[in-house]
Amino acid sequence: MPCYHQARAVHIIQQLKNCKDFIFAISTHANLFKSGLLNDTITTNHLLNSYLRLRRIQYAHHLFDEMHEPNVVSWTSLMSGYVNMGRPQSALWLYTKMSESEASPNGFTLATVINSCSILADLKTGKMVHAHVQILGLQGNLVVRSSLVDMYGKCNDVDGARMVFDSMSCRNVVSWTAMIAGYAQNGKGYEALEVFREFSSYMMERPNHFMLASVINACASLGRLVSGKVTHGAVIRGGYELNDVVASALVDMYAKCGSFLYSEKVFRRIRNPSVIPYTSMIVSAAKYGLGKLSLKLFEEMTDRKVMPNDVTFVGILHACSHSGLVDEGLGLLNSMHEKHGVMPDVRHYTCVVDMLSRVGRLDEAYRLAKSIRVNPNEGALLWGTLLSSSRLHGRVDIAVEASKWLIEYNQQVAGAYVTLSNTYTLAGEWENAHSLRTEMELVGIHKEPGCSWIEIKDSIYVFYAGDLSCERGDEVISLLRELERRMMERGCVGGSTGLVFVDVEQEVKEKIVGLHSERLALAFGLISIPKGVTIRVMKNLRICSDCHEAFKLISKIVERDFVVRDVNRFHHFKDGSCTCRDFW
């Protein structure tokens, strides 16, 4: 290139680096064409990146097509541009076209392509790209390997992520974060916390906000309040407390660990909450049956011109459902598209089915459920919701239809059989109930056993229904007998809903209802946790109505607060009552 053109190219490149004006970019494009400088790949790459920074992907692609010899930077830049524009599929298409060119992918190219696979959760293509990494000899590239860990995690292949992670001789905060997030996102909270402990022990780097958010989410899924508070301390030390993603994770964690007041405190410290923390707070209030607070938060959010999204509406409709606010919920559903530009989908209609079912409007709920087209995964929650409500309201006809759907599509099969059996039992249809139980035994269907757990000083104690070998078992049974005696003195006789034979979606009933897992956990908490400290019990299934009544009475007898997190929601027992107001 002549000196004059070289000097001009350097000048143009400098201008393009600072380009924030689309008109200037187009003008430069025209000048490069006239001067013949479009043949200079380096200069053209800078123009390409200017278009991409201005989010003009069509102009960038058109320029790319004009290039005589696009190099690896050209290909990688355009792929990255498509990813940033939310079009990862186009980035993968470009990668296949790149193989037909003379340009060879580098580490940044492969990291970009792997990121596209992560976004699409395309494990098949991700594995193919992983093979390319090996072929090209880039398996030692830290950026590429970290991207692979992230990709496998987001494709729900945590074993694949761990295999790549363990093979890394050098790791940074990004690779550790990817592994922790992979475990947390795939329901492996214990493993996520274990990797975080390893990171804290071996690495000199401080955790970033992405890592901390993943650790907090792991604590939330496990109900590990102590670990969550420790992580909150790390958040404060790192200066991330006001970060939207971290703050939202903290709001969710404290709520799921039975400390709703802490959730509110964290939320109110955020100066200008975006849709993410608002949605977390609305969902948290919903789980505690605080529907009116959720509505108040939603109103506050819209007054501040924060636009609700589809997840926000799932939360607010869930809140209305769990608080019996049917009119408000239906009004919100009708306003979604017209007022807020959000199109209702299966999740929102499932909330409405639940909402109508809970107040006994089962015929309307059933008609709505039948009118919705769903795939098996989406329909599992919809028809499972309808099945539970039909049992509670004694509607055998609807329970049969809901069970048939679930069994036909192989969704929640054990729960469907058991709930239908209990519906027959409560309706006095003993022969049908017995026949269904016999069919379950023949087919080999067994329901998930109920278990509860409690955290004390960062240790987890797990209890199973009827298991007398639990921690401090003799003391636990002795206390439960004493509590049962004191409840009977107050006129409490359990089993108003026939719990000796009904095992709904809670757990298999033992001969003694008092040996349900949540009661064992509560008794252990009473003898292990000092008075004045709230006892928090987590349960993998729904708390049964007899235990719910017992917990209300026990809270008054022993003058203590209990919080129970079951599969559906939270119950805060205090002074003989529950925050759910017996509506759950």
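Any value given below was found using the heavy atoms of this structure, including those in side chains, with hydrogens, waters and symmetry copies removed. Keep in mind that this is a model prediction, so the values were computed, not measured.
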Excluding sequence neighbours, so at least two apart, what forms salt bridge (Lys or Arg N to Asp or Glu O under 4.0 Å) with Asp397?
Arg395
Side chain of Asn217, backbone of Ala213: donor and acceptor closer than 3.5 Å?
yes
Should the ring pair Phe570 and Tyr288 be called parallel, tilted or perpendicular, given that the plane angle runs from 0 to 90° and is split at 30 and 60?
parallel
Return each pair, listed once, that meets salt bridge (charged side-chain N to carboxylate O under 4.0 Å, His left out) where at least one residue sits in residues 367-390; pairs must be two or more places apart or across chains.
none
Using 30° and 60° as the class limits, which term best fits the ring planes of Tyr254 and Tyr262: parallel, tilted or perpendicular?
parallel
Which residues share a salt bridge (Lys or Arg N to Asp or Glu O under 4.0 Å) with Arg486, sequence neighbours left out
none
As a quick check of understanding, evaluate side chain to side chain contact (heavy atoms under 4.5 Å, CB included) for Ile316 and Leu295, giving each step before the final call.
CA-CA 7 Å; Ile316 195 67; Leu295 288 171; 3.8 Å; yes
Going by the angle between their ring planes, with limits at 30° and 60°, are Tyr278 and Phe267 parallel, tilted or perpendicular?
perpendicular
Between Asp244 and Ile276 the two heavy atoms that sit nearest each other are O-CG2, 4.5 Å
Here the gap from His393 atom NE2 to Ile398 atom CD1, rounded to the nearest 0.5 Å, amounts to 10.0 Å
Would you check, one step at a time, whether the test ring-ring contact (aromatic ring centres under 6.0 Å, His included) holds for Trp176 with Phe196?
CA-CA 8 Å; Trp176 283 92; Phe196 181 60; 9.6 Å; no
Rounded to the nearest 0.5 Å, what separates atom OG in Ser390 from atom CD in Glu401?
10.5 Å
How about Glu559 and Lys531: do any of their side-chain heavy atoms sit closer than 4.5 Å?
yes
Distance (rounded to the nearest 0.5 Å) between Leu332 CG and Leu317 CG:
6.0 Å
Can you list the steps and then say if Leu382 with Tyr349 is a side chain to side chain contact (heavy atoms under 4.5 Å, CB included)?
CA-CA 8 Å; Leu382 175 69; Tyr349 288 118; 5.7 Å; no
Does Val326 reach the side chain of Arg361, with side-chain heavy atoms less than 4.5 Å apart?
yes
Heavy-atom pair with the smallest gap, counting every atom of Phe463 and Ile454
CE1-CG2, 3.8 Å
Step by step, work out the side chain to side chain contact (heavy atoms under 4.5 Å, CB included) result for Cys580 and His548.
CA-CA 10 Å; Cys580 76; His548 190 270; 3.3 Å; yes
Donor-acceptor pair, distance only, cut-off 3.5 Å: does the side chain of Arg560 make one with the backbone of Val533?
yes
Just grab all the salt bridge (charged side-chain N to carboxylate O under 4.0 Å, His left out) pairs involving residues 215-225, residues at least two apart or on different chains.
Arg224-Glu455, Arg224-Asp458
Any idea how Phe562 and Phe573 line up, ring-wise: parallel (<30°), tilted (30 to 60°), or perpendicular (>60°)?
tilted
Closest heavy-atom pair, Val275 versus Thr279, reported as atoms and distance to 0.1 Å, is O-OG1, 2.7 Å
Min side-chain heavy-atom separation Pro273-Val306 under 4.5 Å:
no
Heavy-atom closest pair, residues Ala285 and Ser294:
CB-OG, 3.3 Å
Crowded around Asn375 CG? As in, over 12 foreign heavy atoms under 6.0 Å?
yes
Is the closest side-chain heavy-atom distance between Leu483 and Val558 below 4.5 Å?
yes
Is there a side-chain contact between Ile557 and Glu489, using heavy atoms and a 4.5 Å cut-off?
no
Looking at Glu482 and Arg485, what are the two nearest heavy atoms and their distance?
OE2-NH2, 2.6 Å
Indicate the atoms forming the closest heavy-atom contact of Leu386 with Ala369, along with that distance.
CD2-CB, 4.1 Å
Output side-chain donor-acceptor pairs under 3.5 Å for residues 179-195, partner residues at least two apart or in another chain, one line each.
unit_1	atom_1	unit_2	atom_2	d
Asn186	ND2	Gly153	O	2.9
Asn186	ND2	Gly182	O	2.7
Glu194	OE1	Arg197	NH2	3.4

Value for NZ (Lys552) from NE2 (His571), rounded to nearest 0.5 Å, stands at 11.0 Å
Between Ser263 and Ala255, is there a donor-acceptor pair closer than 3.5 Å when you use the side chain of the first and the backbone of the second?
yes
In plain terms, say whether Arg268 and Glu300 are close enough for a salt bridge, that is, a side-chain N and a carboxylate O under 4.0 Å apart.
yes
Take Phe313 and Phe298, measure what ring-ring contact (aromatic ring centres under 6.0 Å, His included) needs, and give me the verdict at the end.
CA-CA 9 Å; Phe313 277 104; Phe298 183 81; 5.5 Å; yes
Checking Val226 against Lys457 for the side chain to side chain contact (heavy atoms under 4.5 Å, CB included) test, could you report, in this order, the C-alpha distance in whole Å, the side-chain angles of both residues, the deciding distance, and whether it holds?
CA-CA 7 Å; Val226 174; Lys457 294 181 180 178; over 6 Å; no
How long is the gap from CE on Met488 to CG on Leu553, to the nearest 0.5 Å?
12.0 Å
Any donor-acceptor pair under 3.5 Å linking the side chain of Asp566 with the backbone of Lys539?
no
If a pair satisfies salt bridge (charged side-chain N to carboxylate O under 4.0 Å, His left out) and one of its residues is in residues 253-265, list it, with sequence neighbours excluded.
Asp252-Lys256
Just by modelled atom types, is the Gly258 backbone N or O under 3.5 Å from a matching donor or acceptor in the Arg536 side chain?
yes
Once you measure the plane-to-plane angle for His322 and His318, does it fall in the parallel (<30°), tilted (30-60°) or perpendicular (>60°) bin?
tilted
Salt-bridge criterion met for Glu299 and Lys296 (N-O under 4.0 Å)
no
Keeping Ser284 on the side-chain end and Ser280 on the backbone end, is there a donor-acceptor pair under 3.5 Å?
yes
Testing the 3.5 Å rule here: is there a donor-acceptor pair between the side chains of Asn309 and Thr312?
yes
Does Tyr461 OH have over 12 foreign heavy atoms under 6.0 Å away?
yes
If you round to the nearest 0.5 Å, how far is CG of Asp561 from CG of Asp575?
7.0 Å
State, with a plain yes or no, whether a side-chain heavy atom of Leu333 is found less than 4.5 Å away from one of Pro344.
yes
Any side-chain heavy atom of Thr231 sitting closer than 4.5 Å to one from Met253?
no
Looking at side-chain heavy atoms only, is the closest gap between Pro308 and Met301 below 4.5 Å?
yes
